There are 2 protein chains.
Amino acid sequence: MRRIRNIVKELDEKEKGCTFSLQRLSRFIQPSLLLFLSKGQCHGYDLIEKLGVLGFHKEAIDIGAVYRTLRKLEKEGYVKSFWSSQKGRKRRVYRITSRGRTLLKFWIERVKERKEALNKFIIIYQEDKL
Amino acid sequence: MRRIRNIVKELDEKEKGCTFSLQRLSRFIQPSLLLFLSKGQCHGYDLIEKLGVLGFHKEAIDIGAVYRTLRKLEKEGYVKSFWSSQKGRKRRVYRITSRGRTLLKFWIERVKERKEALNKFIIIYQEDKL
DNA sequence: AAATATATATGGTTAAAACATATAATGGGA
DNA sequence: TCCCATTATATGTTTTAACCATATATATTT
């Protein structure tokens, strides 16, 4: 039904014996959805495809989480949705609101900070290596 | 007793009306502790200081989480500890194990992936901006 | 003597990812 | 035509780790 977590399972093989969940994504679905919606309206399935652009293998994405996050974003007023049924399958199309754009602006700051932190992490790791 | 979250509270002010917790750190304490311990033995309080090097304000760090994570890392065999009491306060000093170094190696891969993803995030955000 | 800094630890709450499963319409191939 | 894969959305449960609060005790500074 859902071919999911194939690649992650391979990692599991390699990481056998490690009790920490390394592949757990963190705080990424919500800001990513806002980001893509800031570029234009989209429906959920489309957004799942687009998450791959950021480097996540489609197979590893929790589809349920995407839809759930979209519903929550709407409940909070960051996006708005409507049903579209032209050509076949009806789909719920999302649009970002101005509130959503403001939230994304805050996220960008966090993303930049986090990127800097990860960069420092890598630099420290590589120090004094032969 | 603990002057914590001063800076974060300022952010809260700015982010008023946003119901999403933007400042929540994610999956960072554990790998960071391993990283610093890979450079040499340390005790918990020292590690709290060092977390600041990665760009986190000391005030925002959950000290309890640091100690808890260290205990867990030891329980899982990624670090080892002993009590040291020379000059004053006794402290529990941690050392990374070879298992810990292996775990850190896996983490580095994740960190690099994540940094790339964050970079793409920023690039996409800046596309078609005036 | 009191206050602050150093140092470690644990109990409870919450958010979000991870995991599982359900539903249903559509289009292509056997 | 029937089956199956793909498209498409959704919700229930479990787990993890951050977040928040608090407790304890020694050492140093005011």
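If you're wondering where the values come from, they're calculated on a predicted model, not measured in any experiment. Here is how names work: the chains are called A, B, and so on, in the same order as the sequence lines, proteins then strands, and each is numbered from 1.
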I need the [atom1]-[atom2] distance between [X] and [N], as an integer number of Å.
X	N	atom1	atom2	value
A:Ile63	D:dT9	CD1	P	11 Å
B:Arg71	C:dG11	CZ	P	13 Å
A:Asp46	D:dT9	CG	C1'	14 Å
B:Ile48	D:dA18	CD1	C1'	15 Å
A:Tyr45	C:dA25	OH	P	17 Å
A:Glu76	C:dA15	CD	C1'	12 Å
B:Trp83	C:dT6	CH2	C1'	13 Å
B:Leu70	C:dT8	CG	P	9 Å

* Tell me yes or no: between the side chains of B:Arg71 and B:Tyr94, is some donor less than 3.5 Å from an acceptor? =>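 Note: B:Arg71 and B:Tyr94 side chains meet the donor-acceptor criterion.
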Within the pair [X] and [N], is there a side-chain N or O less than 4.0 Å away from OP1 or OP2?
X	N	value
B:Arg24	D:dC19	no
A:Tyr67	D:dT9	yes
A:Ser81	D:dT9	no
B:Arg92	C:dT8	no
B:Lys90	D:dA27	no

* **Which residues share a salt bridge (charged side-chain N to carboxylate O under 4.0 Å, His left out) with A:Arg95, sequence neighbours left out** => none
* Asked: Hey, does B:Arg68 reach any base, or is it just sugar-phosphate, or nothing, if we go heavy atoms under 4.0 Å?
  -> base
* At under 4.0 Å between heavy atoms, what does B:Ile29 touch on the DNA or RNA strands: base, sugar-phosphate, or nothing? -> sugar-phosphate
* To do: Go through C:dA16, D:dA18, D:dA10 for me and flag the one nearest to the A:Lys72 side chain.
  =>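 For A:Lys72, the side-chain atoms sit closest to C:dA16.
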* Asked: Considering only C:dA18, D:dA17, D:dT7, which nucleotide approaches the side chain of A:Asp62 most closely?
  ->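 Closest of the options to the side chain of A:Asp62: C:dA18.
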* Asked: Would a line drawn from the ring center of A:Phe106 to the ring center of B:Phe20 be shorter than 6.0 Å?
  -> no
* Student check: side-chain heavy atoms of B:Phe36 and A:Ile124 closer than 4.5 Å -> yes
* Spatial distance of atom CG (B:Leu70) from atom OH (B:Tyr67) [nearest 0.5 Å] ->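 Answer rounded to 0.5 Å: 8.5 Å.
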